[in-house]
Amino acid sequence: MRLGYMTNAFGPLVGSGAGVTSVKDIRYVTMCDDLKAMKAIREIGFDHIEVLDGNLTKYSDNIDNLKDMMKSADVKMMSVCIGANFIYKDALEDEMAHVEEVCKAAKEAGVT
């Protein structure tokens, strides 16, 4: 069994993106120093982390940077918290694009 801790406990939670006009671009982000949060989580004894979708996808263009930070902190990513509303037919295509982008980045970051 893997046990981890969430980086979203290390700063204020905010929304990021284009709001209701672009569901596929909405993200939740914890405003924190990602590396410091990872190291703090490792220090208290956890070797796995969970991040919010925005804290992951901000590295979509450079996942290697994120992987280097995780290696430096000696943690692995076990999960990603993602928000989605599958109750609106009009937004389903955008919701699925959002989920697919986050899943792709998660896989690249090592989430199984």
Side-chain angles (χ1 to χ4, degrees):
M1 175 180 3
R2 288 183 276 183
L3 294 175
Y5 200 82
M6 56 197 162
T7 60
N8 65 329
F10 290 86
L13 170 66
V14 298
S16 166
V20 296
T21 61
S22 182
V23 172
K24 69 180 176 44
D25 297 320
I26 296 170
R27 302 286 182 272
Y28 290 105
V29 178
T30 300
M31 295 175 54
C32 68
D33 180 312
D34 294 321
L35 180 58
K36 283 184 182 178
M38 291 177 203
K39 287 182 175 182
I41 289 168
R42 186 66 184 123
E43 257 182 48
I44 59 175
F46 292 100
D47 57 4
H48 285 82
I49 60 170
E50 175 182 86
V51 299
L52 291 172
D53 55 348
N55 291 82
L56 170 63
T57 58
K58 71 181 180 183
Y59 296 101
S60 289
D61 292 338
N62 190 357
I63 290 290
D64 286 337
N65 186 28
L66 175 61
K67 290 166 74 172
D68 289 345
M69 283 193 294
M70 291 189 302
K71 185 176 181 178
S72 171
D74 192 25
V75 296
K76 294 178 180 167
M77 190 178 302
M78 64 184 260
S79 56
V80 179
C81 178
I82 180 174
N85 299 300
F86 297 115
I87 60 173
Y88 303 110
K89 274 187 176 181
D90 294 351
L92 184 59
E93 186 176 333
D94 284 346
E95 291 284 9
M96 292 309 297
H98 173 205
V99 170
E100 288 174 15
E101 178 190 352
V102 172
C103 288
K104 179 180 182 251
K107 183 177 181 180
E108 289 179 37
V111 175
T112 57

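All values derive from a computational prediction rather than experimental measurement.
- Criterion: ILVMFWY side-chain heavy atoms under 4.5 Å apart, direct or through other members. Under it, V80 and V75 are part of a common hydrophobic cluster.
- Heavy atoms only, all atoms of each residue included: L66 and A109 are closest at CD2-CB, 4.1 Å.
- Residues T7 and M77 are not in side-chain contact: their nearest non-hydrogen atoms beyond the backbone lie 4.5 Å or more apart.
- Remark: T57 engages R27 in a side-chain hydrogen bond (donor to acceptor under 3.5 Å, both in side chains) (not counting sequence neighbours).
- With values rounded to the nearest 0.5 angstrom, M78 atom CE is found 9.5 Å from T112 atom OG1.
- For the pair C81/N8, no side-chain contact is recorded, criterion being any heavy-atom separation below 4.5 Å from C-beta on.
- There is a path of hydrophobic side-chain contacts, each under 4.5 Å, that joins Y5 to V111.
- The shortest heavy-atom contact between F10 and C32 is O-CB, 3.3 Å.
- The number of heavy-atom neighbours closer than 6.0 Å to CG of D90, taken from other residues, nucleotides and ligands shown, is 12 or below.
- Across S72 and L35, no two heavy atoms sit closer than the pair OG-CD1, 4.2 Å.
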Enumerate donor-acceptor pairs with a distance under 3.5 Å from any side-chain N or O in residues 47-56 to protein atoms, sequence neighbours excluded.
residue: E50; atom: OE2; partner: S79; partner atom: OG; Å: 2.9
residue: D53; atom: OD1; partner: Y28; partner atom: N; Å: 2.9
residue: D53; atom: OD2; partner: H98; partner atom: NE2; Å: 2.9
residue: N55; atom: OD1; partner: T30; partner atom: N; Å: 2.7
residue: N55; atom: ND2; partner: T30; partner atom: O; Å: 3.0
residue: N55; atom: ND2; partner: D34; partner atom: OD1; Å: 3.2

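- Closest approach of K36 and D33 over heavy atoms only: N-OD1, 2.9 Å.
- For D61, the CG atom counts as loosely surrounded, since its 6.0 Å shell holds 12 or fewer non-hydrogen atoms of other residues, nucleotides or ligands.
- For M38 against A73, the heavy-atom pair with the smallest separation is CB-CB, 3.5 Å.
- K104 pairs by the side-chain hydrogen bond (donor to acceptor under 3.5 Å, both in side chains) definition with E108, not counting sequence neighbours.
- Annotation for K76: atom NZ does not count as buried by contact number, only 12 or fewer foreign heavy atoms lying within 6.0 Å.
- Here the straight-line distance linking atom CD of E95 with atom CD1 of I82 works out to 8.0 Å at 0.5 Å rounding.
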